[in-house]
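Atoms considered below: every heavy atom in the structure, side chains included; atoms not considered: hydrogens, waters and symmetry mates.
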Amino acid sequence: MDYYQTLKVNYQPAVQRIQIYRPDANNSINPELAQELLLALQAAEAEETVKVVILEGLPDVFCTGMDFQEVADGRELDPKQNMHSYYNILKQMYQSSKVILSRVRGRVQAGGVGLVAASDIVVADQTATFVLSELLFGLLPACVLPFLIRRVGFQKAQRLSLTTQPISASEAYNWGLVDEYNEDTNKSINQYIRRLRYLESSGVKELKDLMNKLWIIQEETQDLVVNTSCSMMVKPAFREKIRLFIQEGVFPWQS
C-alpha cells in the first residue's frame, strides 16, 4: 500500500513511526484502520533495517477503541471479522521481531488499552488516562484481556474492567501498564532508540518466542475472545445503548 487513509507512517533510520490518525473520530478503530494498521506492522516486520516501531496517536487521544458511530449507523457489516482483525493486530505486535514502543498521550479507551498492553515498551506523558468502559454498554473487553492480564496481572485487569473508571498515567505506571511517564516523551523515546537500534531482530524474535512460551496465549484464545465479543455485540440491548449514546448523548446508566 503506497499510502494510508487512517495512519501517518514515517520511516527513519532503524525506526518506523506509525501514527493513528482519525482526528474526526477520536482515533477510534474502524475496519479500514484495522486493516491499515496490520499492514503497516507487517511492512515493518518485512523491512530488515527497521529495529523499532513507534506507535502513537494524537496529542489529546491515543485510541478510543471501537468506532461506535459506525455501529450506530449500521455500517459495521461483519463484527466477527472486525474482532479477528483487531486481535490479529495485537498478535502481530507481541510476536513481532521489532521492538514495539508506544508513545501515549491523552485518552486511551477500550481497544486502545489493548494496543498499549500488547506493546513491548510504553512511554506516556502525564495527560494519559486509561479506561475499559465496555461493561457499561453490555460488552466485555474480551480481546483486550489476554494481553492486559499478561501485562498487569489478573486482579488489576479485572478491577479496570469492573470499575469502568479511568486511571491516571502515574497509576498505570505503578500497575506496570506504562513503563515510563514524564512530560518529555520524545526525549525518553530517543533514549530508548539509541540502545534498541543495535539489537538484532532475530534476537528480539527469539526473546519474544521464549517469553510467549513462559506466558502462553494459545491459538484457541483468539476464537474464544472473538466469539465472546460477537455474541454480545449482536444483542439488541447493546445496539440500543450505542444508538442512545451516539445520537442522543445518553450514557448507559442514564437510560
Side-chain angles (χ1 to χ4, degrees), residues 7 9 15-20 29 33-48 50-57 62-63 65-66 82-104 108-124 130 132 140-154 156-157 160-161 172-173 175-180 189 192-193 196 199-226 228-229:
L7 305 174
V9 179
V15 177
Q16 176 176 287
R17 287 182 175 267
I18 302 174
Q19 182 184 29
I20 301 171
I29 301 172
L33 185 140
Q35 179 185 30
E36 290 188 353
L37 182 52
L38 182 59
L39 286 173
L41 291 167
Q42 291 172 338
E45 186 70 23
E47 181 52 63
E48 292 184 5
V50 172
K51 306 295 183 182
V52 181
V53 174
I54 297 174
L55 179 64
E56 63 182 324
F62 177 75
C63 176
M66 182 192 306
N82 292 343
M83 288 294 108
H84 274 297
S85 297
Y86 171 73
Y87 191 93
N88 285 334
I89 292 169
L90 305 184
K91 187 163 63 173
Q92 178 68 36
M93 292 171 68
Y94 91 89
Q95 292 180 343
S96 175
S97 66
K98 316 303 179 182
V99 179
I100 310 296
L101 195 164
S102 282
R103 179 193 185 197
V104 181
V108 187
Q109 296 175 210
V113 175
L115 297 178
V116 172
S119 302
D120 298 312
I121 299 172
V122 179
V123 177
F130 305 83
L132 291 179
L140 296 178
C143 291
V144 172
L145 284 174
F147 304 91
L148 185 61
I149 291 171
R150 192 172 185 252
R151 238 199 185 266
V152 305
F154 183 93
K156 287 185 173 63
L160 194 64
S161 302
Y173 172 76
W175 284 20
L177 182 58
V178 167
D179 297 298
E180 184 174 341
I189 287 171
Y192 277 114
I193 290 173
L196 296 173
L199 297 180
E200 292 293 336
S201 294
S202 59
V204 172
K205 179 62 174 171
E206 288 172 357
L207 173 64
K208 289 191 182 183
D209 287 346
L210 175 60
M211 295 295 292
N212 291 334
K213 291 174 182 176
L214 296 174
W215 186 284
I216 299 172
I217 297 180
Q218 300 175 333
E219 289 298 320
E220 292 83 0
T221 303
Q222 182 166 355
D223 287 333
L224 172 63
V225 298
V226 167
T228 298
S229 294

I want to check something: taking the side chain as every heavy atom from C-beta on, are I54 and Q19 in contact at a cut-off of under 4.5 Å? no
Kindly list each side-chain donor-acceptor pair under 3.5 angstrom involving residues 140-148, sequence neighbours excluded, with atom names and distances?
none

Just how far is it from atom CG of L101 to atom CD1 of I189, taken to the nearest 0.5 Å? 5.5 Å
Mind checking the CD-CD1 spacing from E36 to I89? Nearest 0.5 Å is all I need. 10.5 Å
For the side chain to side chain contact (heavy atoms under 4.5 Å, CB included) test, which of I100, I20, V108 pairs with L115? I20
Look up atom CD1 in I29 and atom CG in N82, then write down how far apart they are to the nearest 0.5 Å. 10.5 Å
Taking the side chain as everything from C-beta on, heavy atoms only, tell me whether I217 gets closer than 4.5 Å to Y94. yes
Enclosure of Y173 OH (heavy-atom neighbours >12, cutoff 6.0 Å): no
Any sub-3.5 Å donor-acceptor pair from K208's side-chain atoms to S96's backbone N or O? yes
Do you know which two heavy atoms are closest between M83 and S229, and how far apart they sit? SD-CB, 3.8 Å
Spacing of CD belonging to Q42 relative to CG belonging to N88, to within rounding of 0.5 Å: 8.5 Å
Intermediate values then yes/no, side-chain contact (heavy atoms from CB on, under 4.5 Å), V116 and F62: CA-CA 9 Å; V116 172; F62 177 75; 3.8 Å; yes
Should S119 and M93 count as side-chain neighbours, where that means a heavy-atom distance under 4.5 Å? yes
Heavy-atom side-chain proximity of L196 to I121 below 4.5 angstrom: yes
Do E45 and Q92 touch side chain to side chain, with heavy atoms closer than 4.5 Å? yes
Identify the two heavy atoms, one from V152 and one from A157, that lie closest to each other, and give their separation to 0.1 Å. CG2-N, 3.9 Å
Please evaluate residues R150 and N212 with respect to the criterion side-chain contact (heavy atoms from CB on, under 4.5 Å), reporting the C-alpha separation (whole Å), side-chain torsions for both, the decisive distance (0.1 Å), and the verdict. CA-CA 10 Å; R150 192 172 185 252; N212 291 334; 2.3 Å; yes
Test item: K205 and K98 side chains (from C-beta on) under 4.5 Å apart, heavy atoms: no
Let me confirm one number: the CG-CG distance from L55 to D120, rounded to the nearest 0.5 Å. 11.5 Å
From I18 CD1 over to L7 CG, what is the distance, rounded to the nearest 0.5 angstrom? 7.0 Å
Identified side chain to side chain contact (heavy atoms under 4.5 Å, CB included) counterpart of S201 within the set K51, E206, E48, E47: K51
Below 4.5 Å, heavy atoms only, C-beta onward: do L177 and K156 meet side chain to side chain? no
Indicate yes or no: at least one non-hydrogen side-chain atom of Y87 is less than 4.5 angstrom from one of V225. yes
Looking only at non-hydrogen atoms, find the nearest pair between A110 and L132 and report the distance. O-CD2, 3.7 Å
